[in-house]
Amino acid sequence: MAAATAISTPSTFNHYSSSRNPNFPSLSSSIKLASSTANPSFSHAKSLKLDRNSRFVTAAASPSAASPATNATNSFHGLCYVVGDNIDTDQIIPAEYLTLVPSNPDEYEKLGSYALIGLPSSYQTRFIDAGATKTKYSIVIGGDNFGCGSSREHAPVALGASGVAAVVAESYARIFFRNSVATGEIYPLESEGRLCEECRTGDVVTIELGESDSKLINHTTGKDYKLKPIGDAGPVIEAGGIFAYARKTGMIPSRDA
């Protein structure tokens with residue numbers, strides 16, 4: 001019953017929406033919608049995501065590179081790719097690639113190879129090298145309103161399939177945040193400042209997620225930045241998405257039952 005309460009009244013979802021706009025509607029109903037209307041073709045992609053993320057999740061960051069963490073549960077380490085404000089879903093994954101079915105492993109990988117291919121030519125460093133299917137940037141850092149535009153679930157799935165573990169942005173479009181949680185593909189983390197102006201593409205960073213505090217450590221510049229807690233969304237993403245979480249917590253029968 002406690003788990004059911006966590007989903008029906010998630011404080012984190014309210015925190016993410018109200019921190020930007022007090023009139024922003026609660027996401028509790030949106031998460032219910034995600035569980036009832038999500039495309040079944042995405043369900044298999046979640047298991048692929050869990051295998052992929054094992055490369056990024058560690059017990060804690062290197063103590064020589066970061067201050068001691070008191071309650072870190074997960075950490076992600078790697079190169080970051082920095083984008084600006086209003087990165088929309090057409091830039092994340094253009095509509096011409098939406099025919100790819102994420103439940104097909106080959107098409108899931110191919111979908112990832114097109115992640116952020118819609119960015120304008122002003123981004124001279126491309127997110128995925130020519131001829132590659134995976135990115136070398138495991139963390140994306142964005143500005144305001146990341147993931148705006150259409151409601152396509154392919155957007156967070158494409159990022160996850162490309163090798164991204166987390167996105168850190170100043171704020172998110174509600175539908176992108178919801179889809180990230182519902183699919184379990186990436187951690188959509190919110191910064192307390194404009195990290196897109198503090199970090200540069202290619203910087204080596206670590207994200208430490210704690211129960212009460214989280215932070216991003218930029219090892220290239222030696223600076224630390226506080227992140228807003230992921231809260232109740234964390235266990236859903238860690239489980240592999242809303243359906244996997246519901247099965248794990250007994251809200252719906254497991255497939256083996």
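FYI, the numbering just counts along the sequence from 1.
- Aromatic ring pairs are classed by plane angle as parallel below 30°, tilted from 30° to 60° and perpendicular above 60°; the pair Phe127 and Tyr137 is parallel.
- Without hydrogens or angle criteria, Glu192 side chain to Lys226 main chain gives no donor-acceptor distance under 3.5 Å.
- Side-chain atoms of Leu216 and Ile141, non-hydrogen and from C-beta on, do get closer than 4.5 Å to each other.
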Exercise for review: Please report the C-alpha distance between Tyr172 and Val167 in whole Å, then the side-chain angles of each, then the deciding distance to 0.1 Å, and finally whether the side-chain contact (heavy atoms from CB on, under 4.5 Å) criterion is met.
Suggested key: CA-CA 10 Å; Tyr172 292 90; Val167 175; 3.6 Å; yes
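- Using a 4.5 Å heavy-atom threshold, the side chains of Glu153 and Glu185 count as separate.
- Interatomic distance, CG of Asn104 versus CD of Glu109, reported as 10.5 Å (0.5 Å rounding).
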**Study point:** Verdict with reasoning, Leu227 to Tyr187, per side-chain contact (heavy atoms from CB on, under 4.5 Å)
**Key:** CA-CA 12 Å; Leu227 304 177; Tyr187 282 80; over 6 Å; no
Practice item. Go through Val181 and Ile242 one step at a time and tell me if the side-chain contact (heavy atoms from CB on, under 4.5 Å) criterion holds. Key: CA-CA 7 Å; Val181 176; Ile242 194 75; 5.7 Å; no
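- Ion pairing between Asp90 and Arg152 holds under the 4.0 Å rule for side-chain N and carboxylate O.
- Counting only distance, with no hydrogens or angles, the side chain of Tyr245 and the backbone of Gly184 share no donor-acceptor pair below 3.5 Å.
- The closest side-chain donor-acceptor pair between Asn145 and Ser171, if any, does not fall under 3.5 angstrom.
- Side chain of Asp203 to backbone of Arg200: a donor-acceptor contact under 3.5 angstrom is found.
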Point to revise | Pair Thr89-Ser150, side-chain hydrogen bond (donor to acceptor under 3.5 Å, both in side chains): steps then yes or no | key: CA-CA 6 Å; Thr89 52; Ser150 74; 2.9 Å; yes
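- Between Ser214 and Ile230 the shortest side-chain heavy-atom distance does not fall below 4.5 Å.
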Exercise for review: Any chance you could lay out the side-chain contact (heavy atoms from CB on, under 4.5 Å) test for Arg126 and Ile128, step after step, and finish with the verdict?
Suggested key: CA-CA 6 Å; Arg126 304 310 294 172; Ile128 297 179; over 6 Å; no
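- One distance of note links CG of Leu159 with CG of Leu111; it measures 9.5 Å at 0.5 Å rounding.
- At least one donor-acceptor pair under 3.5 Å links the side chain of Asp85 to the backbone N or O of Asp144.
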